[in-house]
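Chain A is the first sequence line, chain B the second, and so forth, proteins listed ahead of strands; every chain is numbered from 1. These numbers come from a predicted model, not from an experiment.
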Amino acid sequence: MNRVQQLFARRQRDILNIYFTAGFPGLHDTERIILALARAGADLVEVGMPYSDPLADGPTIQQSGQRALKNGMTLPLLFEQIRAVRLKSDIPLVLMGYFNQVMQYGEQRFIDHCVESGIDGLILPDLPLYEYEQAFREMISRAGLSISFLITPQTPETRIRKVDELSRGFIYMVADASVTGARSGISDKQLAYFGRINRMALKNPRLIGFGISSRETFEQACRYANGAIIGSAFIRALAEADDVERAALNFVRGIRGEVAAG
Amino acid sequence: MIAIDERGYYGEFGGAFIPEMLYPNIEELRNSYLRIMQEPGFEREFRALLRDYVGRPTPLYLAERLSEQYQASIYLKREDLNHTGAHKINNTVGQILLARRLGKKRIIAETGAGQHGVATATVCALMGMPCIVYMGAVDIRRQAPNVARMRMLGAEVRPATSGSQTLKDATNEAIRDWINNPEDTHYIIGSVVGPHPYPDMVARFQSVISEEIKAQLREQAGRENPDLIIACVGGGSNAAGAFYHYLNEEAVRLIAVEAAGLGVDSGESAATSVLGSKGIIHGSRTLLMQTPDGQIVEPYSISAGLDYPGIGPLHAHLIASGRAEAIPITDDEALAAGYLLSRREGIIPALETAHAFAALEKIQFRRDDVIVINLSGRGDKDLETYINHFERFKSQNT
Ligand SMILES: Cc1ncc(COP(=O)(O)O)c(C=O)c1O
């Protein structure tokens, strides 16, 4: 079992997954941010591999990626940073990025470097199920990595079953049809969708993402899934921070409903 | 045999690399586009609009003075004479009819030169549907007349301000809009790019170009097949339309002309077949310009419609397999060809199209070869650029 699978084996509730973009706001902030998130009590960290054309992301994450690329972020550097994190922390780590980055790095080489640096799982939103099954599935399962596919309110039931079959670790449940960061709050329609998915009794745990930004929305999401993923709101907190470690600490405490450090 | 498979691949190029949020829309299109296009009612309505509204068939014109200069029989397929001034409207008429049959209520599009934006705004006005066109902020500045036309036609033009602020970024924004509006919106892509089934669907709508060329050449030259067909390639829709019915006629040479910008090795170029490698752009596995890290490179061309870092998967396959020849043409070579066509034939071509004419200087052909050049659009939108460079080319222009 990798660290993502171990996490869900231990606990099925209130899982807090925080997303941020590697190399943002500063090129060498990656390690400090991950360690601060781990200390503050985040359960899982999703590290974004900055991409020039992130189709599934809204303006906040796009801009953080642009900045990270300008800072000089690359995949080899990211793997180095992950190795440094792994000397100090066992927090589950998943990489989020676009399939072209993996293709250019070389699919097998990418997976090897994930395993060797201590990455536990992948989220590649533009890798379709069909293509995954053709070429990539075999490599992922041999490496023991997790992989999370997405479902949305529009995903038909048979396809949700397929996503459940192919995902390893957890399913990424898009709260609302949108790019990241586009909405806030949870509507009745979304609640109905969350309920519908719950009744399907899927084998993978589910984390709700897109539009989760506060303690209130996090807790609401946790009532309907195993936890939630927060991205844009954390990126905004980092963008405004003088001290990224303190910002990470305060952000997680705010979400967990603990008193923020001064 | 050049053909697309069920998963949308031409050889190793194509497919649908899309976020799950787009899956229902793309799947709906994939399951229905061929069926709808083959309905007799659809076919009738499409053909009637092409004839009565767009003005088809467009003429195939034997350009005698140009033929004399290059010592060949050069025929011009006059897509510039279509309503709105380019081939783009063949596709938008088809897609809006399809969108209506799918029950869509809102239309989005991307545009580079503004020709596809204008063609989309036009059919939306015709059908009474709301229209939002994404356009790079740089292109909004350099194609001002088309921005004004779109607005006058009732479309909302939204600037894309990320990246190079050109066609690639406008396409990203249109895709994001579609993700955010999954239920009532149809995205009219303007070229043979994007996830399957777009490349095939757009190619089919544009294939009317080569269908007409065949009939017209038979009548005018006594033969259906030219020796060469030349077309410019941005995403590749006018070229796909001009090549379509000749794809499996091996004797017909297919020439795909790309924008080299300031030169293939200048760092300011959009010559994808030379500078590109295999990767994924806008949901399609194709050739694109990228860094070794897989970051998409910001292209450059004087022509907004060719200023794109990828090419459609059909063209990637044609070029990789040797079926088509790719010719890079610089800004200056295109400008010179644009001035030449204006003086020799009384036709001011779009800057995109001017690239195709410049290829006459670069390719080998035999005396008396029959050449068809796809005159994809007219140059009204580019007058400012032509005027700005006129002095530099004055000696050639007299
Ligand atoms: C006149 C004209 N020709 C060619 C193009 C390039 O597009 P495509 O390669 O899809 O034909 C454009 C695009 O804007 C255009 O306006």
Side-chain angles (χ1 to χ4, degrees), chain A residues 49-59 62-63 65-66 69 72-78 97-106 110 123-132 134 148-156 159-160 163 171-174 176-183 210, chain B residues 6-9 12 14-28 30 160-164 168-185 194-196 277-286 288-298 309-310:
Chain A
M49 312 186 282
Y51 189 51
S52 58
D53 293 75
L55 285 183
D57 288 305
Q62 278 176 54
Q63 281 155 21
Q66 292 297 325
L69 289 173
M73 197 65 212
T74 62
L75 281 180
L77 177 58
L78 176 54
Y98 289 82
F99 193 57
N100 194 46
Q101 299 174 283
V102 178
M103 249 180 94
Q104 301 315 316
Y105 200 82
F110 179 84
I123 301 175
L124 299 166
D126 66 340
L127 174 64
L129 300 179
Y130 170 78
E131 301 290 344
Y132 173 68
Q134 293 305 299
S148 298
F149 291 100
L150 279 59
I151 60 174
T152 80
Q154 281 77 30
T155 311
R159 191 162 169 88
I160 294 174
V163 164
I171 288 174
Y172 195 131
M173 207 165 135
V174 178
D176 192 358
S178 66
V179 292
T180 51
R183 302 274 199 285
F210 289 34
Chain B
E6 190 200 333
R7 284 281 159 185
Y9 279 90
E12 60 178 312
F17 292 82
I18 47 162
E20 186 62 28
M21 294 80 93
L22 285 180
Y23 179 82
N25 274 324
I26 294 292
E27 190 63 7
E28 178 182 38
R30 190 172 78 91
T161 54
S162 60
S164 52
K168 160 177 92 76
D169 312 287
T171 307
N172 289 344
E173 287 310 321
I175 292 174
R176 290 189 185 110
D177 181 310
W178 210 19
I179 289 174
N180 286 331
N181 296 282
E183 281 175 344
D184 62 342
T185 298
H196 178 62
S277 55
K278 287 174 209 167
I280 295 164
I281 182 170
H282 297 140
S284 176
R285 192 181 145 99
T286 185
L288 67 133
M289 292 163 51
Q290 57 187 327
T291 67
D293 242 20
Q295 309 290 343
I296 300 177
V297 163
E298 295 177 2

Heavy-atom distances under 4.5 Å only: say whether A:Glu131 touches chain B with side chain, backbone, both or neither.
side chain

Do the side chain of B:Arg30 and the main chain of B:His196 share a donor and acceptor less than 3.5 angstrom apart?
no

A:Leu124 portion near chain B, given a 4.5 angstrom heavy-atom threshold
neither

What part of B:Ile18 lies closer than 4.5 angstrom to a heavy atom of chain A: side chain, backbone, both or neither?
backbone

Heavy-atom proximity to chain A below 4.5 Å, by part of B:Tyr23
side chain

Look at the rings of A:Phe210 and A:Tyr172 and say which category their plane angle falls in: under 30° parallel, 30 to 60° tilted, over 60° perpendicular.
perpendicular

With chain B, which of A:Gln66, A:Gln62, A:Gln101 has the greatest number of heavy-atom pairs at distances under 4.5 Å?
A:Gln62

Segment of A:Pro50 engaging chain B (4.5 angstrom heavy-atom cut-off):
backbone

Report which part of B:Pro292 has an atom under 4.5 Å of a heavy atom belonging to chain A: side chain, backbone, both, or neither.
backbone

Any donor-acceptor pair under 3.5 Å linking the side chain of B:Glu298 with the backbone of B:Pro309?
no

Roughly how far, to the nearest 0.5 Å, is OG1 of A:Thr155 from CG of A:Leu150?
8.5 Å

Examine whether an atom of A:Tyr98 lies under 4.5 Å from a heavy atom of chain B, and if so say whether it belongs to the side chain, the backbone or both; otherwise answer neither.
neither

Under the 3.5 angstrom rule, does the side chain of B:His282 hit a backbone N or O of B:Lys168 as a donor-acceptor pair?
yes

Any ion pair linking B:Glu27 and A:Arg159 (charged N to carboxylate O, less than 4.0 Å)?
no

Measure the CG-CG distance between B:Asp169 and A:Asp53 for me, rounded to the nearest 0.5 Å.
6.5 Å

Highest number of heavy-atom pairs under 4.5 Å with chain B among A:Leu75, A:Leu127, A:Leu69 belongs to A:Leu69

